[in-house]
Amino acid sequence: EGLFDDAVNLLVDRGDAAAAFQVADRARARALLDVDDASALQATSLPIVDALRDVPLLEFVVLDRSVVLFCVRGGVVTMHRLPIGVDTLRARIEELHRLIAKESPQRIRNATAELYDLLLAPVSDRIATAKALIIVPDDQLQRVPFAALWNRSTQQYLVQSYAISIAPSAAILTRRMAPLRAQRSALLIGNGAGNEEESLGYLSNVDDEIAALRRVYRSSRVFVGPEA
């Protein structure tokens with residue numbers, strides 16, 4: 001673990017975001033999958049970006065003394081060393097869980113807003129136009145209810161702005177997506193026209209999800225609106 005932290009810290013200090021991301025994510029995937037042969041894991045970010053280039057992937061890495069956030073979108077990897085120590089972060093998360101147990105709504109909102117500012121505000125510009133997020137938490141960050149983090153700027157919880165997916169690592173996500181990419185075609189149906197009795201609302205996120213899935217499959221037939 002010490003060698004891993006040193007390697008990632010060195011690459012972060014050098015400003016090599018792509019290399020730091022690759023090292024951190026492949027180490028995580030290898031630990032989760034118990035894979036000794038590095039060749040069994042694909043290069044982490046590019047297959048995901050090719051299939052879901054409009055969906056930002058946010059990966060957190062908890063090191064011995066700091067937390068690093070990687071954001072992968074549109075083939076570009078950026079990184080941020082977050083302004084919080086590991087012990088302080090752990091205390092913030094514990095405090096949030098205590099407030100949830102006490103059912104203190106206003107204090108819970110304040111606590112989730114503070115976590116949003118610490119964990120997600122550094123990439124707010126890069127995710128502003130997205131409709132969905134893939135989040136890869138690490139260590140104690142797996143206890144963070146990301147969907148319930150409060151954005152003071154938009155006055156919304158994260159789940160109100162994005163469709164949120166949680167993944168164990170970018171490499172594992174890539175590996176799980178491989179069978180989908182091998183499929184020749186898919187039938188995609190969404191946002192039916194509905195009728196007055198049903199009063200079905202239009203879900204804008206569905207269009208983005210369909211667009212992302214069309215890039216996953218080699219060919220697809222799409223039915224939306226009156227055709228659905």
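The shortest non-hydrogen separation linking P168 to V136 is O-CG1, 3.4 Å. The two residues A170 and L57 come nearest to each other via the heavy atoms CB-CD1, 4.1 Å. Between V23 and A7, the shortest heavy-atom contact is CG1-CB, 4.5 Å. Contact between A132 and P56 at its shortest, heavy atoms only, is O-CD, 3.2 Å.
No more than 12 heavy atoms of other residues, nucleotides or ligands shown are found within 6.0 angstrom of CD on E103. Crowding of R90 atom CZ: a count of heavy atoms from other residues, nucleotides or ligands under 6.0 Å exceeding 12.
Of the charged side-chain nitrogens involved, none lies within less than 4.0 Å of a carboxylate oxygen, so that R92 and E95 do not count as a salt-bridged pair.
Not a single salt bridge (charged side-chain N to carboxylate O under 4.0 Å, His left out) links R221 to another residue, sequence neighbours left out. R126 is linked by a salt bridge (charged side-chain N to carboxylate O under 4.0 Å, His left out) to nothing, counting only residues two or more places apart in sequence or in another chain. For R109, there are no salt bridge (charged side-chain N to carboxylate O under 4.0 Å, His left out) partners, not counting sequence neighbours. Judged as a salt bridge (charged side-chain N to carboxylate O under 4.0 Å, His left out), and not counting sequence neighbours, D125 has no contacts.
Taking the ring centroids of W150 and Y116, they lie at or beyond the 6.0 Å cut-off. The aromatic ring centroids of F146 and F60 lie less than 6.0 Å from each other.
A donor-acceptor pair is defined here as one N or O able to donate and one able to accept, closer than 3.5 Å; such a pair exists between the side chain of Q160 and the backbone of Y157. Side-chain atoms of D5 come within 3.5 Å of backbone atoms of D64 as a donor-acceptor pair (strictly under, hydrogens ignored).
We find the CG-CZ distance between L58 and F70 to be 12.0 Å, quoted to the nearest 0.5 Å. Taken to the nearest 0.5 Å, the CD1 atom of I84 stands 7.0 Å off from the CG atom of L119. With rounding to the nearest 0.5 angstrom, the CG atom of D25 is 8.0 Å from the CD1 atom of I172. Between the CG atom in D13 and the CZ atom in R81 there is a gap of 5.0 Å [rounded to 0.5 Å]. One finds the CG atom of L82 at 8.5 Å from the OG atom of S66 (value rounded to the nearest 0.5 Å). To the nearest 0.5 Å, atom CD1 of residue I135 and atom CG of residue L141 are 10.5 Å apart.
Contacts classified as salt bridge (Lys or Arg N to Asp or Glu O under 4.0 Å) and involving residues 134-159 (residues at least two apart or in different chains) are given here: R28-D138, E94-R143, D117-R152. Within the structure, the salt bridge (Lys or Arg N to Asp or Glu O under 4.0 Å) test picks out no pair touching residues 163-173 (sequence neighbours left out).
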Worksheet item: Taking it one step at a time, do T112 and L96 satisfy side chain to side chain contact (heavy atoms under 4.5 Å, CB included)?
Response: CA-CA 7 Å; T112 60; L96 174 59; 3.8 Å; yes
Worksheet entry | side chain to side chain contact (heavy atoms under 4.5 Å, CB included) evaluation trace for V62 with V68 | CA-CA 7 Å; V62 178; V68 178; over 6 Å; no
Practice prompt. Could you walk me through whether I100 and I108 pass side chain to side chain contact (heavy atoms under 4.5 Å, CB included), step by step?
Written response: CA-CA 7 Å; I100 292 173; I108 290 172; 4.2 Å; yes
Fill in: Step-by-step side chain to side chain contact (heavy atoms under 4.5 Å, CB included) determination, I164 to L158
CA-CA 8 Å; I164 300 171; L158 194 67; 3.7 Å; yes
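Residues L187 and F223 form a side-chain contact, since some pair of their non-hydrogen atoms from C-beta on lies under 4.5 Å apart. Annotation: side chain of M79 is not in contact with side chain of V77 (no heavy-atom distance under 4.5 Å). By the 4.5 Å heavy-atom criterion applied to side chains, Y162 and K131 are not counted as neighbours. At least one side-chain heavy atom of L120 sits under 4.5 Å from a side-chain heavy atom of L149. Looking at heavy atoms from C-beta onward, P137 lies in side-chain contact with I166 at the 4.5 angstrom threshold. Contact check for V144 versus I93: side-chain heavy atoms found under the 4.5 Å cut-off. Inter-residue side-chain proximity for L133 and V55 is flagged as unmet; no heavy-atom pair is nearer than 4.5 Å. Counting only heavy atoms from C-beta outward, the side chains of V76 and T78 approach each other to under 4.5 Å.
In summary, the side chains of N110 and Q106 do present a donor paired with an acceptor at a separation below 3.5 Å, with no hydrogens or angles considered. At a cut-off of 3.5 Å, with distance as the only test, a side-chain donor of R73 or T129 sits close to an acceptor on the other residue.
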